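The analysis underlying the following values was restricted to heavy atoms, covering all of them including side chains, and did not include hydrogens, waters or symmetry mates. As the structure is a prediction and not an experimental result, all values here were calculated from the model.
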Amino acid sequence: MFKKLLLLFTLLVLSVATACSNDETAEIDGDEAAEEAKTGDIVVGFDQDLSTIDPHGTNDVNAIQIRRHLYQTLVTRELDMSRKPGLAAEWEQTDETTWNFKLTEGVTFHNGSEFTADDVKASLERVQDPSISAPTVFLFEMIEDIEIVNDYELNITTSYPFAPLPDNLAHTAASIMSKESIDADYQNAIDQAGLEITAEDYYDLRDAGGQEFTDVSDQISEHTGTYISENPDGTNYVKFKARAPGQNIEFERFEDFAGESNIDNLTFVIIPESGSMMAELESGGINITTPVDMAMMDRVQSSDSTEFVEAESLRTNYLGFNTEKEPFDDVKVRQAIDFAIDREELKEGIYNGQAAIPNSMVSSSVFGYDEDLPEVSQDMDKAQAALRESNHAEGFDATIWVNDSQDLIDSAVYIQEQLKELNINITIEQFEMATFMERLGQGQHDIFLLSFTASTGDTDYLLSALTLSTNRGFGGNRAFYTNEDVDAALENARSATEDADRLAEYTNIHNMLREDVPYAPLVHPNMTLAYNTAQLDNVELDAAGYIRLENLTFK
């Protein structure tokens, strides 16, 4: 009997021990599986393709959304848009025109080279180079000198005091590329132009300036950016893998990334039709889409498989006029159209109430906003009176251009209907983004609809791009607007050292623009995205409309 009890006890102990062992193993395996599950692939759906991966090539929203995962900047942003260190570990303004930057050490480019001050200098000099014709050059035109102190420290000197410099250096146009890739891009352009000089020779000419440099710069400008568009080289958590224009662009994990990332592969796919986008999101064919088409809003919010994310906006959707082209060279015509637009109807009918009515070209989240200015409102009596005072009192025919953004297309249809009350007959023409931006820059348009995101958080960025006479055309001023008083006020605001002085200048400019109406601000739409909740969690969105994947987790 004792032997039987002993046997039973022994079997029980073994059974418990085995169970414990299996539980521990299961727990360990579970931990390992959970650890492995922390990484995964992300597919993001966009309704439009990007124009180029070159950070100095264009300033369109989709390109910026994509580039920011490949490149890094000296200064970067928290989710709340406050500044934080990026490739610069710290910085300080040492006098009114000098900024000292100490760089982050231990950072590697995708090509394997070490990040140093040489790469910063090469990147910032490239964006200012006339052969590049960067549409964002105005963000950096105040930079007069870049002095390398050592491999991990440099001084940037501006030609006048410029308080928002760190904000401008957080823009993706300030992305840092390896000097090796920049050298290769210039050498490729030089070779394509048939010149018998080296990239270093070109830099010497650029430093010297003069007619010889201008001639060489003009000859290579057609070819600059070609190499970098095909061989982008940044320091961020993914590196370039492949691109099929009009279809997708693929990135893969960068194993030597200096930070942390749980993303293995990141792909952006182009799905122009909103119903197809939503079907892909619900089925898991894509994980994220932004912005959310307003027509799909109810479906996104009611679906068990998708999560809707919204953020206050730095963006302005606006109607732009070609102020050099009849009849829009007549300020009374522009005022008439501006008064005729019912922003409240746009907000409710197209944006489902998820937008703000503007009182100027900048939203309330941007430094330089003046809360005391009245909202823009519809007044048909004023619209008709302004048109009667113009040289086109009987009305006219015109064409409005839009890109593939559905909310802008819908807005164009609304404006088309609204302006019939003034006997203004509008034809709508739609273009894919690259063609749209090219033709706007050439000044071939009558009127157009577009968005601008003040992603630096400062009014200087938006107003300089859209209104400076030196930025007419491809620089961003697609209204071809010229006002010497606006130019002077912007210069004053840029060089002011006191916030109160800057704000006063911006209010002055807002009032001048309301009178001249080169642009009619329509709404400040909230930023939106949707993601598949069966696959992901903690996908975030900032006020600039950028997808934030820092806290993302895989399920």
[X] side chain to [Y] side chain, donor-acceptor N/O pair below 3.5 angstrom:
X      : Y      : value
Gln406 : Asp410 : yes
Glu375 : Asn359 : no
Thr136 : Asn59  : no
Ser455 : Arg68  : no
Asn287 : Gln535 : yes
Thr435 : Glu438 : no
Asp54  : Thr52  : no
Ser313 : His524 : no
Asp41  : Asn265 : yes
Asp458 : Thr456 : no
Asp407 : Ser405 : no
Thr306 : Glu282 : no
Tyr414 : Asp342 : no
Ser302 : Asp298 : no
Ser469 : Asp487 : yes
Ser51  : Thr58  : yes

Got more than 12 heavy atoms from elsewhere within 6.0 Å of [atom1], [X]?
X      : atom1 : result
Lys325 : NZ    : yes
Glu312 : CD    : no
Asp80  : CG    : yes
Glu394 : CD    : no
Glu491 : CD    : no
Glu222 : CD    : no

Exercise for review: Take Asp404 and Gln48, measure what side-chain hydrogen bond (donor to acceptor under 3.5 Å, both in side chains) needs, and give me the verdict at the end.
Suggested key: CA-CA 7 Å; Asp404 297 328; Gln48 302 174 57; 5.7 Å; no
Is the shortest side-chain N to carboxylate O distance from [X] to [Y] below 4.0 Å?
X      : Y      : result
Asp338 : Lys332 : no
Asp516 : Arg334 : no
Arg77  : Asp542 : no
Arg502 : Glu505 : no

Aromatic contact between [X] and [Y], with the criterion being ring centroids under 6.0 Å apart: yes or no?
X      : Y      : value
Tyr506 : Tyr369 : no
His171 : Tyr461 : yes
Phe396 : Phe328 : yes

Could you pull out the closest heavy-atom pair between [X] and [Y], with the gap in Å?
X      : Y      : answer
Val309 : Val539 : CG2-O, 3.9 Å
Gly545 : Gln65  : O-NE2, 2.5 Å
Ala355 : Lys347 : O-CE, 3.1 Å
Pro135 : Gly57  : CD-O, 3.5 Å

Would you indicate whether the side-chain heavy atoms of [Y] and [X] approach each other to under 4.5 Å?
X      : Y      : answer
Tyr481 : Leu513 : yes
Asp537 : Phe554 : no
Gln418 : Met380 : yes
Pro55  : Met177 : yes
Tyr546 : Thr290 : no
Asp397 : Thr427 : no
Asn532 : Ile288 : no
Ser451 : Leu408 : yes

**Study point:** Between CE on residue Met437 and CZ on residue Phe474, distance to nearest 0.5 Å
**Key:**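 Spacing of CE (Met437) from CZ (Phe474) equals 9.5 Å.
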Practice item. Would you give the length of the straight line joining atom CG of Asn538 to atom CG of Leu552, rounded to the nearest 0.5 angstrom? Key: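 With rounding to 0.5 Å, CG (Asn538) is 7.5 Å from CG (Leu552).
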Exercise for review: Hey, could you give me each pair passing ring-ring contact (aromatic ring centres under 6.0 Å, His included) that has a residue in residues 270-292? Not counting sequence neighbours.
Suggested key: none
Check your understanding: Under 30°, 30 to 60°, or over 60°: which ring-plane class applies to Tyr318 and Phe448, parallel, tilted or perpendicular?
Key ->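 The arrangement is perpendicular - the two ring planes meet at more than 60°.
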Point to revise | Parallel, tilted or perpendicular: ring planes of Phe251 versus Phe268, cut at 30 and 60 degrees | key: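 Perpendicular, since the angle between the ring planes exceeds 60°.
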Practice item. Using salt bridge (Lys or Arg N to Asp or Glu O under 4.0 Å) as the criterion, list what pairs up with Glu324, not counting sequence neighbours. Key: Arg472
Is the side chain of [X] donor-acceptor paired with the backbone N or O of [Y] at a distance under 3.5 Å, no angle test?
X      : Y      : answer
His510 : Gly368 : yes
Asn317 : Pro525 : no
Thr226 : His223 : yes

Review point. Per the side-chain contact (heavy atoms from CB on, under 4.5 Å) rule, which among Asn423, Val333, Leu422 passes with His392?
Key: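 Of all the options given, the one that passes is Val333.
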Point to revise | side-chain hydrogen bond (donor to acceptor under 3.5 Å, both in side chains) between Glu432 and Asn403, worked out | key: CA-CA 6 Å; Glu432 59 85 24; Asn403 56 36; over 6 Å; no
